[in-house]
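Since this is a predicted model, take the numbers as computed values, not measurements. Each ligand, and each atom within it, is numbered from 1 in the order the structure gives.
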Amino acid sequence: MTARMLSFSTLHWDGVSLLCLLLLAASPFVLSRIYASYKDSKTQDGTESIDLSSKRPPTLPYYIPLVDHLIQFITDGSTLLSKASKFCGAGVPVRISLPGFSSYVVSGPEAITAFFKNTRDLSTTSRGVTVIQNAFGCPAHLAHHFKPRHSPDGTPDEVEQAIHRGVQTGLSGPQLEILAGKFQIALLEKIEASKHEIGNDWVDIPDLCDLVQKFVIESVISTFFGSYMITLNPNIVEDFLEFNDYIRLLFMGMPRWLIPKAYNARQRMVDSIQRWQKHARENCDPSTLGDVDWEPYYGSKFIRERQDLLTRRGILDEKARAAENFANLWAANSNSVPAAIWFLIETLRDDCLKKEVCQRISSAYLIPKVSEKHESQQPAFDTEKLCNDPLLQSVYAETLRLRVAALIVREAAHRDFSFCGWHIKKGEVLTVSSHTEAMNGDVWGVGKDPSSHSVDKFWSHRFLVNSADPHSGPLLNQKAKKAASRELSFSTDGLAGTWIPYGGGRSLCPGRHFAKREIMLTTAAFLTAYEIDLDPNHIPSVNMSHFGFGTMPPKGKLSCRIRYLPR
Ligand code: HEM
Ligand SMILES: *[C@@H]1O[C@H](CO)[C@@H](O)[C@H](O)[C@H]1NC(C)=O
């Protein structure tokens with residue numbers, strides 16, 4: 001279940017305007033949460049000081065009871081989580097509390113490694129059920145179908161395991177390379193077709209992101225869901241983007257009357273997906289397809305097999321099925337597209353880096369075979385070569401380090417247990433924040449010149465190790481340099497509990513290999529096809545209101561001039 005990754009954010013208040021807040025304060029929705037929180041506070045022990053007798057984790061102090069950390073969470077979630085992580089030093093979970101919901105923040109490499117390893121006591125939360133309903137429009141009476149299912153011994157049941165396996169094999173190995181190839185060709189076709197609007201003369205465009213995300217999202221959708229998802233629903237990218245702007249408010253269950261536009265965008269998405277489901281069902285019988293990797297109706301084998309798994313789970317209602325397909329479509333786009341945009345922006349902003357990156361890209365350029373020259377679009381880049389290049393990998397890893405702000409949430413589902421020596425009760429929730437760890441100054445390497453390569457800045461070489469240079473590499477205390485080689489090599493060694501844009505443990509993002517290919521191919525295709533000049537007077541910044549929801553996009557518009565480079 002994809003939706004579970006954002007379950008924490010069901011109660012994420014970030015970005016809500018004060019007006020909405022005041023309106024909401026009067027609504028039964030909020031009152032019920034405040035009441036729940038009040039009940040909660042009565043039963044909580046050890047809220048003020050560290051209670052060593054029971055070794056209950058401490059709570060981050062707050063000033064206004066009932067509201068607790070809510071205001072801080074709304075205005076600056078990043079600072080709140082970072083405060084919690086530093087409150088008692090590394091390894092001590094610290095409780096933060098919002099009306100009706102509280103969680104221990106887990107921080108520091110050792111504690112996070114323990115967090116990901118302990119699959120016995122820590123499960124993904126059942127809030128995914130709320131999310132599939134609130135965000136993706138599953139009818140309320142059917143949402144319970146999406147609850148994680150267990151065998152009597154507590155392990156995931158047979159269908160759950162089949163889903164887990166399906167997502168792993170569908171997004172790795174030979175199927176992955178087929179998806180990456182499909183994506184590349186779709187993207188190259190769109191860029192090629194843009195020749196009519198963007199010619200060999202400069203044109204000014206108001207927002208580079210608009211252009212990139214339109215092409216990339218369409219390519220991802222046709223790669224996974226086949227050709228008809230877009231031809232049946234020509235406005236799907238616009239609808240998706242509008243929906244995604246409201247995703248935070250939908251996740252937390254803000255009512256329809258407050259955000260009618262959000263519910264309309266969601267409805268248009270659900271309708272589009274149902275149209276696709278009907279069309280595929282009427283025109284294609286999967287049982288006659290055999291083992292094909294991709295066909296135009298269902299798209300990838302991964303998505304086709306998932307339709308069968310939905311049936312095996314007893315999810316037959318078309319709207320409930322659409323909600324699950326929608327969750328997948330969202331997972332495949334929401335994080336990787338802004339990450340691809342940031343990779344391109346960082347490259348364009350630095351002339352030296354741009355030159356180096358262009359060199360690497362051109363060495364991965366494939367000369368079209370003569371026999372194939374007049375056929376339709378061929379792959380232009382050797383994806384494997386791009387993905388193994390040390391510099392490109394470092395730029396990629398650094399982009400995710402700086403821009404991904406995912407909250408990874410687990411629940412003590414079965415019993416009380418001890419976490420790093422602290423007593424956690426059954427039903428309590430632990431949270432890891434990828435961005436907080438990415439900003440941990442005790443861990444990250446800053447090179448020879450700490451002031452210009454501090455953790456809050458983009459540094460393209462942060463993940464490169466040079467055996468001759470003790471300051472190089474992603475760790476402040478780089479233990480072992482890769483031996484002898486004079487070449488720079490890419491490394492994430494020693495970062496298992498620190499570089500965690502994709503989470504970790506059993507629910508480590510299965511889409512990470514595809515995302516890496518998508519991100520690198522996007523920059524390769526754009527830099528090869530176009531010359532792009534960003535507005536030199538504008539320094540791109542991050543839209544922090546996406547904190548907690550995965551990759552944070554750039555804030556505002558990125559105007560630029562662009563022209564097509566003939567090949
Ligand atoms: C830069 C891009 C991406 C980032 C930062 C990212 C991040 C994450 C994170 C943090 C989780 C785990 C949440 C948890 O453990 O609770 C996750 C799960 C997931 N992601 Fe991604 N993701 C990215 C791209 C993708 C892509 C391209 C796809 C699909 C093609 C995808 C599909 C999924 C799915 C299906 C899950 C749920 C896995 C499960 O529940 O076992 N992701 N992602
Ligand atoms: C930041 O993101 C929010 C949510 O998507 C959006 O409504 C807002 O317009 C964005 N702000 C800027 C300046 O881009």
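- For N543, every heavy-atom contact with ligand 2 shorter than 4.0 Å involves the side chain, none the backbone.
- At a threshold of 4.0 Å, the pair E158-R149 does not count as salt-bridged, since none of the basic side-chain nitrogens sits closer than that to a carboxylate oxygen.
- In terms of polar-atom proximity, P554 is not counted as a contact of ligand 2, lacking any N or O under 3.5 Å from an N or O of the ligand.
- Taking every heavy atom of F224 and a limit of under 4.0 angstrom, the matching atoms of ligand 1 come to 30 (C).
- Less than 4.0 angstrom separates atom 7 (O) of ligand 2 from none of the non-hydrogen atoms of the protein.
- In this structure, the side chains of S545 and R248 come closer than 4.5 Å at one or more pairs of heavy atoms.
- Of all the atoms in ligand 2, the ones that sit under 4.0 Å from a non-hydrogen atom of R248 are 4 (C).
- Using a 4.0 Å cut-off between heavy atoms, P501 contacts ligand 1 through its backbone alone, with no side-chain atom that close.
- Side-chain contact between K426 and F417 is absent, with no heavy-atom pair separated by less than 4.5 Å.
- In terms of polar-atom proximity, defined here as any N/O pair under 3.5 Å, S545 does make such a contact with ligand 2.
- Under 3.5 Å, the side chains of Q175 and S300 contain no donor-acceptor pair of N or O atoms.
- The aromatic ring centroids of F463 and Y396 lie 6.0 Å or more from each other.
- The shortest heavy-atom distance from I408 to ligand 1 is under 4.0 Å.
- Taking the six-membered ring where tryptophan is involved, the planes of F136 and F243 are tilted, since the angle between them lies from 30° to 60°.
- Ligand 1 places these atoms under 4.0 Å from at least one heavy atom of A331: 25 (C), 26 (C), 28 (C), 31 (C), 32 (C), 42 (N).
- Under the 4.5 Å side-chain criterion, counting only non-hydrogen atoms from C-beta, D121 is not in contact with H414.
- Residue contacts with ligand 1 for Q168 are absent, since no atom lies close enough (heavy atoms, distance under 4.0 Å).
- Put simply, the side chain of V337 does not reach to within 4.5 Å of the side chain of V212, judged on heavy atoms.
- Ring centroids of Y228 and W276 are separated by 6.0 Å or more, keeping the two rings apart.
- The distance criterion of under 3.5 Å between nitrogen or oxygen atoms is not met by N244 with respect to ligand 2.
- Here the side chains of R268 and N233 are not in contact, with every heavy-atom distance at 4.5 Å or above.
- Of all atoms in ligand 2, numbered sequentially from 1 with element shown, those under 4.0 Å from a heavy atom of K555 are 12 (C), 13 (C), 14 (O).
- Of the listed options A515, P510, S300, A405, P510 places a heavy atom closest to atom 36 (C) of ligand 1.
- Ligand 1 has a nitrogen or oxygen under 3.5 angstrom from a nitrogen or oxygen of R410.
- Using a 4.0 Å heavy-atom cutoff, K516 is absent from the residues neighbouring ligand 1.
- Distances below 4.0 Å separate heavy atoms of G503 from the following atoms of ligand 1: 10 (C).
- Nearest protein neighbour of atom 14 (O) of ligand 2, counting heavy atoms only, is G556 N, 2.9 Å.
- Below 30°, between 30° and 60°, or above 60°: for F115 and F419 the angle between ring planes is above 60°, a perpendicular geometry.
- When G550, G511, G170, C509 are checked for heavy-atom proximity to atom 23 (C) of ligand 1, C509 turns out nearest.
- Looking at L391 and L353, their side chains come closer than 4.5 Å, going by heavy atoms from C-beta outward.
- Cation-pi geometry between K301 and W294 is not met at under 6.0 angstrom from the ring centre and within 45 degrees of the axis.
- Ligand 2 does not have K557 within reach: every non-hydrogen atom of the residue lies 4.0 Å or more from it.
- Less than 4.0 angstrom separates some heavy atom of D245 from each of these atoms of ligand 2: 4 (C), 5 (O).
- Across F183, Y502, W330, heavy-atom proximity to atom 9 (C) of ligand 1 is greatest for Y502.
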